[in-house]
Amino acid sequence: MINLQQLKQLRKAHRYSCIQSSNLLGFSSANAYWRKEKGLTELSANELLFLATLYDCPMSELFTVAHPGSTSKEVL
């Protein structure tokens, strides 16, 4: 599962606005990126790879994992 909170934190830590992130990904509007960051629209594998490269982090940092029998999630 994509860690949307981590995605937003990385964007802000690198001082990108939704508009800038949207433009870098080639979206037609900032709303398109915002919807992806909110989980309303799925991010593609290529988009995730681009964001991991942009934020200089491993792709695994963009995901969470839920352990069987647990209600908590842990970042990989």
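Residue numbers count from 1 along this sequence. Just so you know, these numbers come straight off a predicted model, no measurement behind them.
Residues Met59 and Leu49 are in side-chain contact: their nearest non-hydrogen atoms beyond the backbone lie under 4.5 Å apart. Contact check for Leu10 versus Tyr16: no side-chain heavy atoms found under the 4.5 Å cut-off. Proximity of Leu54 to Leu25: side-chain heavy atoms (C-beta onward) are nowhere separated by under 4.5 Å. Proximity of Arg11 to Gln20: side-chain heavy atoms (C-beta onward) are nowhere separated by under 4.5 Å. The closest side-chain heavy-atom distance from Ile2 to Leu43 is below 4.5 Å. The shortest distance between side-chain heavy atoms of Tyr33 and Leu51 falls below 4.5 Å. In this structure the side chain of Phe27 never reaches within 4.5 angstrom of the side chain of Arg35, judged on heavy atoms.
Here the NZ-OH distance, from Lys12 to Tyr55, works out to 11.5 Å after rounding to the nearest 0.5 Å. Taken to the nearest 0.5 Å, the CG atom of Leu40 stands 11.0 Å off from the CD atom of Glu37. In this structure, Ser17 OG and Asn23 CG are separated by 7.5 Å, a value rounded to the nearest 0.5 Å. Rounded to the nearest 0.5 angstrom, His14 NE2 and Gln9 CD are separated by 12.5 Å.
By the rule that hydrophobic residues join a cluster once side-chain heavy atoms approach within less than 4.5 Å of another member, Leu62 and Phe50 end up as members of one cluster.
By the neighbour-count criterion of 12 heavy atoms within 6.0 Å, atom CG of Leu24 is densely surrounded, having more than that number from other residues, nucleotides or ligands. Around atom CD of Gln5, no more than 12 heavy atoms belonging to other residues, nucleotides or ligands sit under 6.0 Å away.
Considering every non-hydrogen atom in both Ala52 and Pro58, the closest pair reads CB-C, 4.4 Å.
Of the possible donor and acceptor atoms, none in the side chain of Thr64 sits under 3.5 Å from a partner among the backbone N and O of Asn3.
Salt bridge status for Glu42 with Lys36: absent, with no side-chain N to carboxylate O gap under 4.0 Å.
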